2 protein chains.
Amino acid sequence: MLPSLDPGSDRAVFRQIADHLREAIKRGDLREGEKLPSEAALMKHYGVARGTVRQALQLLQSEGVAAAEHGRGVFVRPRPPVRRLASDRFARRHRERGQAAFMAESEASGRRPSVDMLTVTQAAPPLDIAERLKLDEGTATVVRRRRYLHDGHPVEVATSYLPADIATGTKIGEPDPGPGGIYARLEELGHRLDHFDEQIEARMPTAEESRVLALASGVPVFHLIRTAYDTDGRPVEVCDTVMAADSFVLSYTLPAS
Amino acid sequence: MLPSLDPGSDRAVFRQIADHLREAIKRGDLREGEKLPSEAALMKHYGVARGTVRQALQLLQSEGVAAAEHGRGVFVRPRPPVRRLASDRFARRHRERGQAAFMAESEASGRRPSVDMLTVTQAAPPLDIAERLKLDEGTATVVRRRRYLHDGHPVEVATSYLPADIATGTKIGEPDPGPGGIYARLEELGHRLDHFDEQIEARMPTAEESRVLALASGVPVFHLIRTAYDTDGRPVEVCDTVMAADSFVLSYTLPAS
DNA sequence: CTCGCCTACTCGTCTAGACGAGTAGGTAAC
DNA sequence: GTTACCTACTCGTCTAGACGAGTAGGCGAG
């Protein structure tokens with residue numbers, strides 16, 4: 001099934017082995033979730049040392065193509081179900097049905113959403129967040145942190161910051177903010193939402209993020225920072241979100257004029 | 001400068017070494033572009049084998065924190081200058097100044113943009129592109145492929161597909177489409193642009209992408225697929241773009257209503 | 001002064017072996 | 001039948017060494 005090494009090639013042996021396995025996956029010889037040949041089998045097939053085989057497998061893992069499981073083997077990394085996030089996902093019409101954005105969308109796609117590790121505290125935000133909220137450094141905010149899961153698998157951690165003068169003493173400062181989520185509460189408090197600015201970066205996860213999101217190696221994260229503005233032009237919330245990039249497709253509509 | 005190993009810890013030695021170096025970088029002891037201790041120096045400092053040191057350095061590279069340069073050393077990966085892409089970047093008012101989107105924006109941020117590896121061909125698009133263009137499989141399109149560079153560094157490769165019945169025989173089918181780029185030409189041809197749909201994914205690069213974009217290991221890519229619609233609701237262009245994720249921040253405005 | 005070579009240092013690749021730890025299936029004791 | 005153990009197989013970590021190849025600086029020949 002796997003070809004032999006090309007001794008004339010100047011491509012490193014471990015790269016050639018990785019190429020062979022990658023092709024086999026692409027061809028469909030090895031399907032999603034299927035087990036790759038064990039290190040021992042590859043050593044025998046190619047007649048190389050274990051270190052060389054491991055380099056090849058390491059490469060595939062860093063590409064996000066394969067994932068090793070201790071004691072079991074190396075497997076073709078299954079692609080998790082993808083959530084599509086549309087740019088109208090925070091539109092009022094969705095909110096008025098009484099569901100927060102994540103839950104509504106996730107259920108629509110036929111999956112079981114849940115929230116986890118919810119904490120609500122009061123603290124001064126990081127400097128860049130304070131700037132976005134147009135607050136002086138050290139000004140108190142209500143900080144809502146939570147983890148979102150999809151069919152039990154963590155996919156996203158988000159931290160919201162709201163100026164304390166708006167949120168303290170309201171349902172926003174409580175673990176359960178009630179139907180429609182914090183955006184519904186903000187509007188009830190007289191802060192009619194006008195628009196959101198969303199900034200997107202992609203990078204490799206920190207060790208901490210890798211743990212909390214249970215990420216396989218070779219999976220980057222989306223880092224979203226969203227600022228909500230009310231109709232007075234005041235920023236009323238900043239939400240800092242880290243998402244497993246293999247679980248999301250983001251989608252936006254851009255104006256042509 | 002670097003601490004010693006904790007023999008009592010159950011954390012693997014190579015992870016501890018990577019932790020130490022990561023902390024040193026975070027603390028600022030090692031600055032952007034600075035050289036990490038050589039493998040030999042780390043072997044001596046920690047009293048471990050070279051393989052162990054290399055595992056630690058490999059880990060940092062896969063995190064995008066460091067980058068090795070053959071024969072020179074391992075360096076704290078400098079963060080390249082970032083381009084911010086706003087959601088109005090294809091607005092008509094920009095186009096009317098006679099510059100295509102990339103060039104205009106790049107020069108505004110004080111950098112030297114250039115385009116490279118430009119090819120224009122006629123071919124049937126991949127199936128998913130054909131679907132977005134609402135074309136039957138096998139229908140011909142004009143395919144424009146190019147690479148964008150920023151101060152001489154490649155940052156983005158893009159492939160545009162336009163229905164042949166619109167584009168063939170126009171300036172869109174020529175290497176230089178003229179002032180304002182292909183969107184200006186489309187509008188002149190009577191296809192007034194209405195809006196764009198942009199879909200964003202993030203993933204690790206393929207070997208091919210890694211080469212063309214000269215990516216360091218540990219740098220993911222943004223994969224954008226943008227569809228342009230005219231005022232008749234007809235899709236008139238699909239642009240498939242792969243961007244070095246460390247060189248971009250994407251920014252969008254979302255409606256609240 | 002310039003060019004080319006030599007050398008020391010750097011990372012890249014590969015080998016051969018050791019021990020540890022997680023998994024899974026069979027088997028023997030209860 | 002259930003439980004506990006044993007064993008074979010898997011990947012994870014670490015060692016010690018070899019050779020290759022790219023880089024950069026010094027030094028001598030021209």
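Naming convention: chains lettered A, B, ... in sequence-line order (proteins, then strands); numbering from 1 in each chain. Here the structure is a predicted model, which means the values were calculated and not measured.
When distances are taken from the side chain of A/V74 to each of D/dT13, D/dG20, D/dC11, the shortest belongs to D/dC11. Taking every side-chain heavy atom of A/V13 into account, C/dC14 is the closest of C/dG12, C/dA21, C/dC14. Here C/dT10 is the nucleotide among D/dT10, C/dT10, D/dT15 with the atom lying nearest to any side-chain atom of B/A40. Across D/dG12, C/dC11, C/dC14, the shortest atom-to-atom separation from the side chain of A/A68 is found for D/dG12. With distances taken from any side-chain atom of A/A49 to the nucleotides C/dC14, C/dT15, D/dC14, the minimum falls on C/dT15.
Regarding contacts with the backbone of C/dC11, every side-chain N or O of B/R72 stays at 4.0 angstrom or more from both OP1 and OP2. Within the 4.0 Å cut-off from OP1 or OP2 of C/dT10, at least one side-chain nitrogen or oxygen of B/S38 is found. Applying the 4.0 Å criterion to OP1 and OP2 of C/dT13, one finds that A/R15 has a side-chain N or O inside that range. Applying the 4.0 Å criterion to OP1 and OP2 of D/dT15, one finds that B/T52 has a side-chain N or O inside that range.
Considering all non-hydrogen atoms of both residues, A/V74 and A/A66 come closest at CG1-CB, 3.9 Å. The shortest non-hydrogen separation linking B/R144 to B/P175 is NH2-O, 3.0 Å. Heavy atoms only, all atoms of each residue included: B/R77 and B/G218 are closest at NH2-O, 4.4 Å.
In this structure, CZ of A/R50 is placed 17 Å from P of C/dC14, rounded to the nearest angstrom. The distance from atom CD of A/E69 to atom P of D/dT10 is 14 Å, rounded to the nearest whole Å. Look at CZ on B/R54: it is 16 Å from P on D/dT13, rounded to the nearest Å. Spacing between atom CD of B/Q58 and atom P of C/dC11 amounts to 12 Å, rounded to whole angstrom units. With rounding to whole Å, B/L57 atom CG is found 14 Å from D/dC14 atom P. Between the P atom of C/dT15 and the CG atom of A/L42 lies a distance of 13 Å, rounded to the nearest Å. Put simply, CD on B/Q55 is 15 Å from C1' on C/dT13, counting in whole angstrom units. Distance, B/E39 CD to D/dG17 P: 16 Å, rounded to whole Å.
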Please assess B/E23 against B/K26 for the test salt bridge (charged side-chain N to carboxylate O under 4.0 Å, His left out), listing each intermediate value before the final yes or no.
CA-CA 5 Å; B/E23 303 267 319; B/K26 202 166 187 175; over 6 Å; no
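A/R11 comes within 4.0 angstrom of no nucleic acid atom, judged by non-hydrogen atoms across all strands.
In terms of position along DNA chain C, the nucleotide closest to B/Q61 lies nearer the 5' end than the nucleotide closest to the other residue of the pair A/G47 and B/Q61.
By the 4.5 Å heavy-atom criterion applied to side chains, A/L59 and A/R22 are counted as neighbours.
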